[in-house]
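To find a chain, count down the sequence lines: A is the first, B the second, and so on, and within it residues start at 1. All values below come from the heavy atoms of this structure, side chains included, with hydrogens, waters and symmetry mates left out. What you are looking at is a predicted structure, and each value in this text was computed from that prediction instead of being measured.
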Number of protein chains: 2
Amino acid sequence: MPRPKPTAARVFHALGDPTRRAILERLTRAPASASQLAPPLAVTLAAVVQHLNVLESCGLIRSEKSGRTRTCRLHPAGFAAAEHWIAARRSAWEERFDRLGELLARPEDA
Amino acid sequence: MPRPKPTAARVFHALGDPTRRAILERLTRAPASASQLAPPLAVTLAAVVQHLNVLESCGLIRSEKSGRTRTCRLHPAGFAAAEHWIAARRSAWEERFDRLGELLARPEDA
DNA sequence: GCAACACTCAAGTCTTCACTTGACAATCAA
DNA sequence: TTGATTGTCAAGTGAAGACTTGAGTGTTGC
């Protein structure tokens, strides 16, 4: 099970797919196995496993195998990577906005 | 110019593409026109415009045309949608985590 | 007016990727 | 041991979408 790195790029790509988002929504409620996740999604077990690999490879979930079942649970590292990316863009935007406001508020004595 | 709605689904799909993320990075520094954005991206102007349409349709940027040039700037609505989605998942996860901690910390007198 | 510019639109190509199928491995339970 | 369960692997298919090309529209400046 390769665990490359939770970069924002990988995370956003992972979050772009509706099936994967549905899996994450389900896992916010409780950990689950692949065979538990598949039925409500109307896809094959094999497809679910592929999605789980994507999610795990970018740090959004962790899974551990005991016996023949693989239990998956949310992992916040991937979420943090995405949040940081967004927050950085947002703060840069707000900073520029503030500077603009300052400029506009300055008394026009120039 | 259709402006459907900044849903998290649309935003994550938009953020999943590296070229679009590069455009957003560029726009955090300053507003820009399509022809200004294209050269460093090594794609056609037409491709850039397609990306801009995607970004605008999910609320990540706004653009206004004056004369023959279309100026694009970041717009925080789309970012907020994505942030809210992540925050909701994260808080649900943390709440469950807290309950688990409570359970484990409870004196084992049962 | 005319040429250069900035963008728009409509096909069409080509790659990526979500999904399925079918075979296989490992584990559990009777 | 045997059969059912759970997951893994390897192709292969089909659709979505990123990108290009080429033609066209409106704008600016000479």
Side-chain heavy atoms of [X] within contact of [Y], under 4.5 Å:
| X | Y | result |
| --- | --- | --- |
| B/L37 | B/L52 | yes |
| B/R20 | B/E25 | no |
| A/T7 | A/C58 | no |

So, using side-chain hydrogen bond (donor to acceptor under 3.5 Å, both in side chains) as the criterion, who are the partners of [X] when residues are at least two apart?
| X | value |
| --- | --- |
| B/R26 | none |
| B/S35 | B/S33 |
| B/R21 | none |

With B for base contact, S for sugar-phosphate-only contact and - for none (protein heavy atoms under 4.0 Å), nucleotides 24-29 of chain D reads --BBS-
Between A/Q50 and A/T69, who's closer to the 5' end of DNA chain D by nearest nucleotide?
A/T69
Please find the pair of heavy atoms, one from [X] and one from [Y], that lie closest to each other, and give the distance.
| X | Y | result |
| --- | --- | --- |
| A/L27 | A/A32 | CD2-N, 3.7 Å |
| A/S57 | A/V54 | OG-O, 3.0 Å |
| A/S63 | A/R70 | OG-NE, 2.7 Å |
| B/A14 | B/L60 | CB-CD1, 4.0 Å |

Using rotation axes that map the C1' atoms of four end pairs onto the next four (five pairs an end), what angle separates the end axes of the helix from C/dG1-D/dC30 to C/dA30-D/dT1, to 10°?
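About 30° separates the two local helix axes.
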Which atom pairs, one a donor and one an acceptor, fall under 3.5 Å between side chains of residues 40-49 of chain B and the rest of the protein, sequence neighbours left out?
none

Could you state the CG-C1' distance from A/L52 to D/dT6, rounded to the nearest angstrom?
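Distance, rounded to whole Å: 13 Å.
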Would you kindly give the CG-to-C1' distance between A/N53 and D/dA10, to the nearest whole Å?
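Rounded to the whole Å, the gap is 14 Å.
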Using 0.5 Å steps for rounding, measure from the OG1 atom of B/T28 to the CD atom of A/E94.
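With rounding to 0.5 Å, OG1 (B/T28) is 12.5 Å from CD (A/E94).
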Distance from A/H51 atom NE2 to A/L24 atom CG, nearest 0.5 Å?
11.0 Å
Which parts of residues 12-20 of chain A get close to DNA chain C, meaning a heavy atom less than 4.0 angstrom away?
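A/H13, A/D17, A/T19, A/R20 - these, ordered by number, are the residues of the stretch whose heavy atoms sit under 4.0 Å from the strand.
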Using heavy atoms and a sub-4.0 Å distance, could you list which residues of residues 22-36 of chain B are near DNA chain C? By number, please.
B/S33, B/A34, B/S35
B/S91: what forms a side-chain contact (heavy atoms from CB on, under 4.5 Å) with it, not counting sequence neighbours?
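With neighbours one apart ignored, the set is empty.
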Can you give the first and last nucleotides of DNA chain C, 5' to 3', that have an atom under 4.0 Å from a heavy atom of chain A?
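From 5' to 3', the first and last contacting nucleotides are C/dC17 to C/dC28.
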Donor-acceptor pairs under 3.5 angstrom involving side-chain atoms of residues 73-86 of chain B: please list them, not counting sequence neighbours.
residue, atom, partner, partner atom, Å
B/E83, OE1, A/R90, NE, 3.4
B/E83, OE1, A/R90, NH2, 2.2
B/H84, ND1, B/A80, O, 3.4

